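Hydrogens, waters and symmetry mates are skipped; everything else that's a heavy atom, side chains included, is used. In this text the structure is predicted, and so the values were computed from the model without any measurement.
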Amino acid sequence: MEQTEKIFISESELEFIASEYSPSDEIDKAEGRLTAGKIAGRIALSFFTVLFLAIFALYMVCYTISTGPSVTFRDTFVLSQGTATKWVPFLFLDEDTVNGILENSENITVDVMSAEDFAALHQTDVSDPTVPTVDEWEGSVDGIKVFTESGDTFKAYIMLVKDPSRIFVGTSSENYQNATEGMTIFDITKKYGVVAGINGGEFADAGGMGNGGRPMGLTYSRGECVWNDSLKRTFIGFDSNNKLVVANSMTYARAQALGIRDAVSFQNNNVLIESSDGNVNLHYENSNKETAQRTAIGQRADGTVILIVTDGRSASSIGATHDDMIDMMVSLGAVNAAMLDGGSSAVMYYENYFNVFDEFSGTSLDKYQEKGLINKYKAFSSPRPIPTFFLIGEGDAE
């Protein structure tokens with residue numbers, strides 16, 4: 001029979017072992033791991049709950065606006081979608097309703113004023129000593145003036161150019177047929193060695209993801225037709241006499257006959273103001289309540305060119321409507337004007353403007369404004385590559 005060997009541990013050794021190890025240590029560690037897991041799980045659950053509630057709340061807001069009693073809110077909701085979100089209204093409204101709103105927004109009401117009555121809007125009585133004499137070009141630099149104005153729902157950035165011969169179309173490519181990507185406002189101004197410019201005409205956008213390789217519609221640069229895809233589009237450009245020509249459509253033959261030197265095209269129904277036969281015609285879209293970032297170009301009777309870019313689609317500036325742009329152009333004296341591409345394409349640039357124009361000194365700038373962008377870019381990406389720009393050169397554009 002085997003004998004069991006007995007091991008004797010002294011009381012001091014037993015106390016030492018007990019001090020080094022206790023089963024409660026393992027319990028504490030297990031409880032610690034379990035607590036950390038619970039915390040992580042609860043954080044994840046809270047996050048997804050909040051996200052779900054936010055999406056649900058947004059859905060309910062959109063649903064209420066779309067199906068609620070206010071037709072104005074419904075139409076504004078449908079019309080204010082960007083290129084990448086035009087599908088959203090179809091989640092709440094049937095196709096016929098959405099298409100009907102879109103079609104109705106394109107109805108133009110033309111208000112006609114005589115050229116004399118229009119000019120009288122901007123005349124002051126110089127014989128009245130109580131009316132101060134104001135030099136509009138005070139504070140301008142080399143015939144260019146930049147300032148801001150605010151509307152009820154937007155902030156506008158305005159550039160006046162005294163000499164229209166300085167305005168020309170800059171192109172991102174020498175051969176659009178083989179082009180794959182456009183240029184940003186920063187790159188195009190460096191390419192041409194100019195200090196200022198805005199975005200130009202239309203291009204294939206592919207749901208907001210277009211790379212701006214080629215323009216759409218008839219396009220001219222410095223006397224040469226650089227693109228002609230025969231698409232019917234609003235036409236905006238300058239002739240050889242430096243007059244701004246705007247038309248709801250334009251053929252190559254007519255453009256050649258008019259002596260067009262620089263021009264772009266942008267969608268349809270984008271003429272804002274057009275003068276002909278001694279009248280000034282204001283092309284209002286009274287039922288179009290779409291607010292957005294917008295770009296427009298106009299010209300006064302004295303030749304001064306007006307460039308406007310507005311903010312939009314943000315909490316502080318939801319944007320300007322088609323009619324807002326007309327009203328601004330009228331207030332600035334434009335006798336011809338048209339809309340250019342807007343949305344995430346809307347940019348206005350002036351090199352070091354914050355050191356040049358007093359209005360902008362000491363203002364807080366974001367990273368794009370520090371590079372010369374005057375408007376605050378609101379898109380989710382950096383300023384887009386696009387194919388055409390209206391640039392301000394040294395004059396006597398070829």
Is it true that the side chains of R233 and N270 contain a donor and an acceptor less than 3.5 Å apart?
no
Exam field: side chain N228 to backbone S230, donor-acceptor pair closer than 3.5 Å
yes
Taking every heavy atom of N269 against every heavy atom of N248, the minimum-distance pair comes out as CA-OD1, 3.8 Å
Could you go through the side-chain contact (heavy atoms from CB on, under 4.5 Å) check for L231 and E202 one step at a time?
CA-CA 11 Å; L231 291 175; E202 185 180 1; over 6 Å; no
Here the pair of heavy atoms bringing F266 nearest to M339 is CD2-O, 3.5 Å
Would you tell me whether E274 and N281 have side-chain atoms, one donor and one acceptor, within less than 3.5 Å of each other?
yes
Over 60° means perpendicular and under 30° means parallel, so classify the ring planes of Y368 and F186, tilted if in between.
parallel
Strictly under 6.0 Å, is that where the ring centroids of Y350 and F357 end up?
yes
Determine the sole option in F147, F354, Y353, Y157 for which the ring pair (Phe, Tyr, Trp, His ring centres under 6.0 Å) test with F360 is passed.
Y353
Would you tell me whether N199 and S345 have side-chain atoms, one donor and one acceptor, within less than 3.5 Å of each other?
no
Which pair of heavy atoms, one from D262 and one from I167, lies closest together, and at what distance?
OD2-O, 4.3 Å
For residues Q293 and G312, report the shortest heavy-atom separation together with the two atoms involved.
CG-N, 3.4 Å
Can you tell me if D229 uses its side chain to pair, donor with acceptor, with the backbone of M216 under 3.5 Å?
no
Quick one: pull up CD1 in I374 and CD in E351 and give me the separation to the nearest 0.5 Å.
11.5 Å
F390 versus V305: any side-chain heavy-atom pair under 4.5 Å?
no
Got S265 and F235 here, is their nearest side-chain heavy-atom distance under 4.5 Å?
yes
Test item: L160 and E136 side chains (from C-beta on) under 4.5 Å apart, heavy atoms
yes
Working for salt bridge (charged side-chain N to carboxylate O under 4.0 Å, His left out), residues D205 and R384:
CA-CA 11 Å; D205 199 16; R384 302 183 66 179; 2.5 Å; yes
Do Q256 and Y220 have side chains that approach each other closer than 4.5 Å (heavy atoms only, starting at C-beta)?
yes
side-chain contact (heavy atoms from CB on, under 4.5 Å) between L121 and M113: does it pass, once the steps are laid out?
CA-CA 11 Å; L121 294 175; M113 297 180 65; 3.7 Å; yes
Would a distance-only check, ignoring hydrogens and angles, find a side-chain to backbone donor-acceptor pair under 3.5 Å from T295 to A346?
no
So which atom in M250 and which in A255 form the shortest heavy-atom distance, rounded to 0.1 Å?
SD-N, 3.7 Å
Would the distance check show the side chain of Y252 and the main-chain N or O of C225 forming a donor-acceptor pair, the cut-off being under 3.5 Å?
no
To the nearest 0.5 Å, how far apart are CD in E149 and CD1 in I308?
7.5 Å
Heavy atoms from other residues, nucleotides or ligands near CG of N355 exceed 12 (cutoff 6.0 Å):
yes
Take atom CD in E138; do more than 12 heavy atoms of anything else shown fall under 6.0 Å from it?
no
Side-chain donor-acceptor pair present, D358, S361, cut-off under 3.5 Å
no
Heavy-atom check, side chain of T291 versus side chain of F154, under 4.5 Å:
no
So among V110, D327, L272, which one has a side-chain contact (heavy atoms from CB on, under 4.5 Å) with Y284?
D327
V161 and W137 have their tightest heavy-atom pair at C-CH2, 4.1 Å
Using atom types as modelled and distance alone, determine if a side-chain donor or acceptor of R300 lies under 3.5 Å from a backbone N or O of A334.
no
Would you say S150's side chain and K155's backbone share a donor-acceptor pair under 3.5 angstrom?
no
Keeping H322 on the side-chain end and N286 on the backbone end, is there a donor-acceptor pair under 3.5 Å?
no
Strictly distance-based, threshold 3.5 Å: is any side-chain N or O of T388 a donor or acceptor partner for the main-chain N or O of G201?
yes
Using a 3.5 Å distance criterion without hydrogens, assess whether the side chain of D239 forms a donor-acceptor pair with backbone atoms of G259.
no
Could you go through F168 and Y192, starting from their C-alpha distance and side-chain angles, then the distance that decides it, and tell me whether this counts as ring-ring contact (aromatic ring centres under 6.0 Å, His included)?
CA-CA 11 Å; F168 70 97; Y192 285 94; 5.4 Å; yes
Under the 3.5 angstrom rule, does the side chain of K191 hit a backbone N or O of T171 as a donor-acceptor pair?
yes
T189 OG1 to M183 CE distance, which is reported to the nearest 0.5 Å:
8.5 Å
For the OG1 atom of T109 and the CD atom of E285, what is their distance to the nearest 0.5 Å?
9.0 Å
Could you check whether D302 and T304, counting side-chain N and O atoms only, form a donor-acceptor pair closer than 3.5 Å?
yes
